[in-house]
Amino acid sequence: MVDPTLFAAFVVAVALLVLTPGPDMLFVMAVGATGGPVVGLCAAAGVAAGLAVHATATAFGLAALFSAVPTLYVVVKICGAGYLLYLGIATLRRRDEPLVRADGAGGGRGRAFRRGLLTNLLNPKVVLFNAAFLPQFVDPARGNVTTQLLVLGAAFVVVDLLVDGPIGLLAGRLGTLLAERRRAVRRLHIATGSIFIGLSARLALTR
């Protein structure tokens with residue numbers, strides 16, 4: 001089992017990290033603002049699911065694979081940047097369209113979840129971050145290291161969802177309030193598309 005003191009320190013550290021505005025939070029805000037509260041929550045759930053996959057991969061050594069095969073890291077990074085760029089351009093092209101309130105449609109929710117999942121999965125930096133961060137809170141003397149890493153990863157996912165979930169809901173509520181204002185909707189689309197493109201450039205330029 002994970003050392004209780006280390007676990008408490010880990011939860012505090014993760015909470016501070018998640019509360020600091022970053023790519024995942026910006027993505028959830030952007031999706032929620034243009035899709036509605038429930039869609040924003042689904043985007044946050046998708047991001048959390050991606051974190052769960054990354055944490056599991058870290059526990060079983062995927063970071064070592066990236067280190068051994070740098071080309072794989074570059075390929076995943078380029079795919080992630082390309083996907084975000086696609087989302088950004090698509091959003092900008094819809095800048096004059098009304099907001100689609102997809103809260104009642106399963107397709108909107110599923111699409112938001114998939115986008116959150118893919119955006120997180122196609123960011124190899126998250127794997128490397130987990131590989132550098134999680135082991136600091138593992139005590140080999142307390143048992144199986146892989147199990148401890150999985151427990152820490154699960155805690156990371158829960159904290160992330162508790163923070164990004166409400167942010168997605170609030171962003172969706174704001175988007176709902178602005179949905180009937182044409183000029184505000186146009187600006188919201190432009191801001192959202194710009195966020196996606198900025199995240200794409202940030203990921204592409206990361207070494």
Side-chain angles (χ1 to χ4, degrees), residues 11 14-55 80-123 125-126 153-203:
V11 171
V14 166
L16 292 174
L17 286 170
V18 174
L19 285 168
T20 302
D24 287 342
M25 184 182 291
L26 290 174
F27 176 83
V28 170
M29 289 174 61
V31 173
T34 55
V38 177
V39 170
L41 181 60
C42 289
V47 169
L51 285 175
V53 174
H54 281 306
Y83 180 65
L84 285 167
L85 181 62
Y86 159 75
L87 292 180
I89 293 175
T91 302
L92 289 177
R93 292 180 65 181
R94 297 195 306 268
R95 61 186 177 275
D96 292 319
E97 297 179 7
L99 291 182
V100 178
R101 314 318 301 170
D103 286 353
R109 298 175 186 179
R111 183 166 56 250
F113 180 88
R114 290 191 298 271
R115 285 182 173 183
L117 176 63
L118 284 175
T119 299
N120 195 270
L121 286 181
L122 293 176
N123 186 352
K125 193 175 75 169
V126 178
F156 199 158
V157 171
V158 171
V159 172
D160 178 78
L161 191 55
L162 288 175
V163 173
D164 283 345
I167 287 175
L169 288 170
L170 290 174
R173 186 66 63 188
L174 176 61
T176 300
L177 294 175
L178 298 176
E180 301 303 323
R181 303 180 183 181
R182 186 172 180 179
R183 182 175 298 179
V185 169
R186 190 174 194 274
R187 290 175 179 174
L188 189 57
H189 277 307
I190 292 174
T192 300
S194 299
I195 287 174
F196 288 152
I197 292 173
L199 292 176
S200 170
R202 183 178 185 275
L203 179 57

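Every value quoted in this text rests on a predicted model; they were computed, and no experiment measured them.
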Non-neighbouring partners of Phe27 that pass ring pair (Phe, Tyr, Trp, His ring centres under 6.0 Å), sequence neighbours left out
Phe196

Is there side-chain contact between Phe156 and Val18, with heavy atoms separated by less than 4.5 Å?
yes

Output every pair passing side-chain hydrogen bond (donor to acceptor under 3.5 Å, both in side chains) with a member in residues 15-30, not counting sequence neighbours, ordered by first then second residue.
Asp24-Asn120

Quickly, which of Val157, Leu117, Leu121 forms a side-chain contact (heavy atoms from CB on, under 4.5 Å) with Leu51? Name it, please.
Val157

Closest heavy-atom contact between Ala112 and Val31?
CB-CG1, 4.0 Å

Quick one: closest heavy-atom pair of Val28 and Gly40, and the distance?
CG1-O, 3.7 Å

His54 NE2 to Asn123 CG distance, which is reported to the nearest 0.5 Å:
6.5 Å

Identify the heavy atoms of Ala15 and Val159 that sit nearest to each other, and give their distance.
CA-CG1, 3.8 Å

Roughly how far, to the nearest 0.5 Å, is SG of Cys42 from CZ of Arg114?
10.5 Å

What's the separation between atom CG in Leu41 and atom CG in Leu161, rounded to the nearest 0.5 Å?
7.0 Å

Donor-acceptor pair, Ser200 side chain versus Ala81 backbone, under 3.5 Å?
yes

How far apart are the closest heavy atoms of Phe113 and Ala49, and which atoms are they?
CZ-CB, 3.8 Å

Residues two or more places apart in sequence or in another chain: which of them pass side chain to side chain donor-acceptor pair (under 3.5 Å) with Asp160?
none

Distance from Ile195 atom CD1 to Leu87 atom CG, nearest 0.5 Å?
12.5 Å

Evaluation steps, side-chain contact (heavy atoms from CB on, under 4.5 Å), between Leu170 and Leu174:
CA-CA 6 Å; Leu170 290 174; Leu174 176 61; over 6 Å; no

Taking it one step at a time, do Ile197 and Leu92 satisfy side-chain contact (heavy atoms from CB on, under 4.5 Å)?
CA-CA 10 Å; Ile197 292 173; Leu92 289 177; 3.6 Å; yes

Do you know the tightest heavy-atom contact between Met25 and Leu19?
CE-O, 3.8 Å

